[in-house]
Protein chains: 2
Amino acid sequence: MEHAPWSQKGHPFAAYWNLGCAEANAAFAHLIKQLLRETRGRCVLQLAGDPSAYVFLPVEGWLMTAKVDPDGARQIVDFALPGDVLDPASASMAYAAADVVTLGRGRLAMIPREGWQRYLVAHPSAAGLFARQSAARYARMAERMLRLGKSSGETRIAYAICELFLRANPFGLVTHTPFHLPVTQQVLGEFVGLSSVHVNRTIRAMARAGVLTYRGQLDVVIHDLPTLAAMAQIDPTELQATIIPSPG
Amino acid sequence: MEHAPWSQKGHPFAAYWNLGCAEANAAFAHLIKQLLRETRGRCVLQLAGDPSAYVFLPVEGWLMTAKVDPDGARQIVDFALPGDVLDPASASMAYAAADVVTLGRGRLAMIPREGWQRYLVAHPSAAGLFARQSAARYARMAERMLRLGKSSGETRIAYAICELFLRANPFGLVTHTPFHLPVTQQVLGEFVGLSSVHVNRTIRAMARAGVLTYRGQLDVVIHDLPTLAAMAQIDPTELQATIIPSPG
DNA sequence: CAGACGCGTTAACTTGGGTTATTGGTCGCG
DNA sequence: CGCGACCAATAACCCAAGTTAACGCGTCTG
């Protein structure tokens with residue numbers, strides 16, 4: 001196949017949006033070609049309540065959608081990993097329901113919503129993939145709401161790590177080898193609804209129990225996936241099937 | 001306009017799915033005509049993890065999507081009110097991400113997912129409304145995750161009542177008059193992630209403060225919407241615009 | 001009609017996790 | 001190089017919400 005500008009061997013992004021149809025791939029490449037931009041640091045792309053004209057497609061690095069309450073506390077609603085298409089629209093479609101923020105350095109495409117919708121209508125295989133992504137996002141949010149509402153801090157954190165581990169490694173459950181988790185303990189706390197202090201307490205306890213280790217600031221090694229999965233109250237294979245959209 | 005079998009004056013359901021196009025309305029009526037069924041009591045229509053072939057459309061009464069954890073604790077993920085279309089699919093599309101359960105007596109249509117998708121492709125105005133509904137659901141879940149992760153019990157309960165009040169009254173913010181809230185305190189607790197005891201404590205306190213009253217078991221009268229909205233940390237008009245899809 | 005059940009209500013006691021504060025390490029930058 | 005910013009780590013204290021238990025009421029049902 002033609003080597004599209006956004007394609008990269010072994011990269012989740014390329015695997016997701018290779019639709020096995022040269023025409024659709026070309027249309028996709030054309031859609032995002034002009035729109036790639038670099039990001040670094042924490043950078044707000046969209047504010048909740050502001051007019052919303054774009055969908056966001058991270059190519060490298062992660063995005064997050066978040067909401068901030070009047071006291072300044074922030075809740076992360078979902079992460080978008082490379083290949084995910086993130087539409088922050090609220091019920092009115094014209095305004096955003098949540099903030100969109102970058103995490104560290106990366107590249108992303110901002111695609112005008114209308115262009116994106118035309119692309120979906122023209123390419124049913126792309127529409128199918130987007131529908132699977134949307135269903136996956138719903139399943140993830142449901143799963144996380146269960147943890148948020150009913151589970152202990154340990155379970156919430158174990159679940160979050162499992163989810164992000166599965167999403168960051170869509171091709172297999174590789175343990176004993178570091179995977180990159182570009183979130184500080186503060187951010188992890190904003191994701192699971194705990195203070196950063198309690199995140200720290202809990203992760204240290206998990207490390208002491210031999211479940212996982214940090215290699216440097218942002219790389220995690222899972223030593224004992226069965227125990228981690230038990231803490232998270234999930235079955236890894238099953239969770240993968242429900243929250244990871246099958247590509248192409 | 002022709003009086004379709006599902007149409008009913010002043011009913012939210014009819015307002016949502018009157019697409020202002022006779023052909024689309026007829027196709028819609030045809031789609032659900034054969035599939036209406038009555039429900040009563042708590043009744044499980046779909047189990048998480050089971051094969052999922054239908055989307056659910058309540059016509060009278062509410063549905064809920066929920067997840068149950070290994071200890072038997074339940075978290076309600078979202079409610080579906082008359083006119084909402086509820087697709088419980090997970091990432092794989094073939095299995096359900098959550099349980100679907102009825103609340104009390106009502107009527108609903110179970111539409112095979114494929115038929116529903118064909119209908120959306122054939123009728124862009126319906127697809128547009130469905131997209132707005134999906135965006136509204138996302139906005140609601142984001143808003144609720146913020147409360148679930150970061151807010152006090154009082155705020156969560158006030159928010160839940162505001163959300164359901166707005167959704168149950170899509171045509172205006174009518175206070176001082178009872179509206180029907182077909183959920184017990186137990187269920188409300190499962191919605192906001194609190195024990196039923198704490199839900200009771202909090203609602204009694206709100207009643208003592210003159211914010212709202214119960215008329216009978218399931219009908220609520222809001223006396224002081226500004227205070228309730230302040231407790232919920234929202235602006236009612238703004239919230240309405242972000243979580244209620246505009247009809248037709 | 002009597003029993004059982006579900007629901008609302010309240011009280012007494014316990015605990016998980018928030019809050020605040022302090023220390024030390026590491027990175028980026030003037 | 002030294003400063004400031006950010007982050008991990010840990011301790012001490014406290015409170016919001018969970019848990020358990022008990023009682024009353026309405027309603028379904030055998």
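Scope of the values below: all heavy atoms of this structure, side chains included, with no hydrogens, waters or symmetry mates. Throughout, protein chains are lettered first and strands after them, A, B, ... in sequence-line order, and every chain is numbered starting at 1.
Remark: side-chain polar atoms of B:Thr102 are not paired, donor with acceptor, to backbone N or O of B:Leu63 under 3.5 angstrom. With hydrogens and angles disregarded, a donor-acceptor distance shorter than 3.5 Å links the side chain of B:Asp99 to the backbone of B:Ala48. No donor-acceptor pair under 3.5 Å is formed between the side chain of A:Arg42 and the backbone N or O of A:Leu103.
Side chains of B:His223 and B:Val211 form no contact here, defined as non-hydrogen atoms less than 4.5 Å apart. Within the 4.5 Å cutoff, side-chain heavy atoms of A:Leu228 are placed close to those of A:Cys162.
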> What do the steps show when you test A:Val100 against A:Leu86 for side chain to side chain contact (heavy atoms under 4.5 Å, CB included), and what is the final call?
Replying inline: CA-CA 9 Å; A:Val100 177; A:Leu86 167 52; 3.9 Å; yes
>> Before you tell me yes or no, could you show the steps for B:Arg140 and B:Asp78 under salt bridge (charged side-chain N to carboxylate O under 4.0 Å, His left out), namely the whole-Å CA-CA distance, both residues' side-chain angles and the distance that decides it to 0.1 Å?
In response: CA-CA 8 Å; B:Arg140 283 196 306 263; B:Asp78 197 19; 2.7 Å; yes
Pair up each side-chain donor or acceptor in residues 69-77 of chain B with any protein partner under 3.5 Å, not counting sequence neighbours, and list the distances.
residue, atom, partner, partner atom, Å
B:Asp69, OD1, B:Asp71, N, 2.9
B:Asp69, OD1, B:Gly72, N, 3.2
B:Asp69, OD1, B:Ala73, N, 3.1
B:Arg74, NE, B:Glu190, OE1, 3.0
B:Arg74, NH2, B:Glu190, OE1, 2.9
B:Gln75, NE2, B:Glu190, O, 3.2
B:Gln75, NE2, B:Phe191, O, 3.1

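Residues of residues 147-161 of chain B having a heavy atom closer than 4.0 Å to DNA chain D, listed by number: B:Ser152, B:Gly153. Proximity of residues 198-208 of chain B to DNA chain D (heavy atom under 4.0 angstrom from any strand atom) is restricted to B:His198, B:Arg201.
A 6.0 Å sphere centred on CZ of B:Phe56 holds more than 12 heavy atoms belonging to other residues, nucleotides or ligands.
In this entry the distance linking CD of B:Glu190 with C1' of D:dG18 reads 15 Å, nearest Å. The distance between atom OH of A:Tyr214 and atom C1' of D:dC7, rounded to the nearest whole Å, is 12 Å. Straight-line distance from the CD atom of A:Gln217 to the C1' atom of D:dC7: 6 Å, rounded to whole Å.
Nearest heavy atoms, B:Leu146 versus A:Lys67: CD1-O, 3.7 Å.
Judged by closest nucleotide on DNA chain D, A:Thr184 is the one of A:Val197 and A:Thr184 placed further toward the 5' end. With the nearest nucleotide of DNA chain C identified for both A:Ser195 and B:Gln185, B:Gln185 has the one nearer the 5' end.
For DNA chain C, the outermost nucleotides in 5' to 3' order that have an atom under 4.0 Å from a heavy atom of chain B are C:dC7 to C:dA12.
Residue B:Gly193 is classed as a sugar-phosphate contact, given heavy-atom separations below 4.0 Å to backbone atoms only.
The ring pair (Phe, Tyr, Trp, His ring centres under 6.0 Å) search around A:Phe179 returns A:Phe165, not counting sequence neighbours.
Under the 4.0 Å criterion applied to side-chain N and carboxylate O atoms, A:Arg105 and A:Glu38 are not assigned as salt-bridge partners. Ion pairing of B:Asp87 with B:Arg137 is absent here, as no side-chain N (NZ or NE/NH1/NH2) approaches a carboxylate O to less than 4.0 Å.
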> What one-letter contact string describes nucleotides 22-30 of chain D from 5' to 3', where B marks a base within less than 4.0 Å of any protein heavy atom, S marks contact via sugar-phosphate atoms alone, and - marks no contact?
Replying inline: ---------
